Amino acid sequence: MIEIIKIFPQHQYFIITYSPAIIGATEPSTIVQKAHDMYSLLNEIGVQLSDIVGANRLLWVGGETEEKYFPLILTKIAQEKLR
C-alpha cells in the first residue's frame, strides 16, 4: 500500500497507525498527533471526519477486550450507546 501511495504524490492521504515503521516508510510531510490538530486540519481543507471515515466521533481501541467491553462501560457510565 505504501509503495502505491508513493507513486501518486499529488494526492493527500490520511493514514491512522500506531506503527513507526509505516510512518517512516511514507515519509509524511505532516504528522498530526493531537485530535484538536486533526480537526483543525480537516476544517482547513473543508471536510469533516465523517467525510473520510463515515462518523464524526470515533473511538479507537487497542484490542478485542476493549472492543467487547468498552460499549458496556460507556452505556453504564455515560448512558450513551455506540453505533
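Note that the structure is a prediction, hence the values are computed from the model and not measured.
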Novice: Whether the side chain of K6 engages the backbone of A25 through a donor-acceptor N/O pair (distance < 3.5 Å, no angle test) should be reported.
Specialist: yes
Novice: Let me confirm one number: the CD-CD1 distance from E66 to I73, rounded to the nearest 0.5 Å.
Specialist: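 So the CD of E66 and the CD1 of I73 are separated by 9.0 Å.
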Novice: Would you find more than 12 non-hydrogen atoms of other residues, nucleotides or ligands less than 6.0 Å from I4 atom CD1?
Specialist: no
Novice: Would I7 and I5 show up in the same hydrophobic cluster when neighbours are defined by side-chain heavy atoms closer than 4.5 Å?
Specialist: yes
